[in-house]
Amino acid sequence: MAKGLQKPDPVEASGLVNEEQRRAAEMARATKERQRQALHLQRENILSQRTSNPARRSALEAALAQIESQIETLA
């Protein structure tokens, strides 16, 4: 059937679909922001650690590089 001949959906006409889409977009944004905050906290934790052990330092540098790449992916 032609789209122009169909009756408008009462749910779409009332704006409920737009409200659901807005809520979904807001939830996605909030989730992304929480992930970003968690990564920044992990980054700060790694930066605050001091060690003279070369193996531990190397592991911290690798973890820092991984976290920074994840932060850039989210941006």
Side-chain angles (χ1 to χ4, degrees):
M1 184 183 259
K3 201 163 188 129
L5 298 177
Q6 293 176 345
K7 293 181 181 178
D9 186 4
V11 173
E12 288 181 14
S14 68
L16 292 177
V17 173
N18 289 336
E19 183 65 21
E20 280 186 32
Q21 291 171 342
R22 188 194 63 75
R23 282 187 191 150
E26 179 62 24
M27 287 184 68
R29 188 202 59 77
T31 300
K32 190 174 181 180
E33 183 61 30
R34 281 192 297 276
Q35 289 174 339
R36 185 178 298 120
Q37 287 176 346
L39 288 170
H40 279 288
L41 285 174
Q42 290 175 3
R43 181 179 180 275
E44 290 298 320
N45 183 24
I46 289 171
L47 290 173
S48 70
Q49 295 185 26
R50 308 263 189 248
T51 183
S52 60
N53 183 336
R56 177 74 176 143
R57 190 176 318 126
S58 177
L60 289 172
E61 288 172 356
L64 183 61
Q66 180 183 8
I67 288 172
E68 287 178 342
S69 71
Q70 289 176 346
I71 290 172
E72 285 191 21
T73 301
L74 284 177

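None of these values were measured; they are calculated from a predicted model. Any value given below was found using the heavy atoms of this structure, including those in side chains, with hydrogens, waters and symmetry copies removed.
- We find that Arg36 and Glu33 are joined by a salt bridge, their nearest charged nitrogen and carboxylate oxygen being less than 4.0 Å apart.
- No side-chain heavy atom of Arg22 sits under 4.5 Å from any side-chain heavy atom of Asn18.
- For Thr51 against Asn53, the heavy-atom pair with the smallest separation is OG1-N, 3.1 Å.
- Partners of Gln35 under the side-chain contact (heavy atoms from CB on, under 4.5 Å) rule, at least two apart in sequence or in another chain, are Thr31, Leu74.
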Report, one line per pair, each donor and acceptor closer than 3.5 Å where one atom sits in a side chain of residues 59-72; sequence neighbours left out.
unit_1, atom_1, unit_2, atom_2, d
Glu68, OE2, Arg43, NE, 3.1
Glu68, OE2, Arg43, NH2, 3.4
Ser69, OG, Gln66, O, 2.7

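- Salt-bridge formation is not detected for the pair Arg23/Glu26: no Lys NZ or Arg NE/NH1/NH2 atom is positioned less than 4.0 Å from an Asp or Glu carboxylate oxygen.
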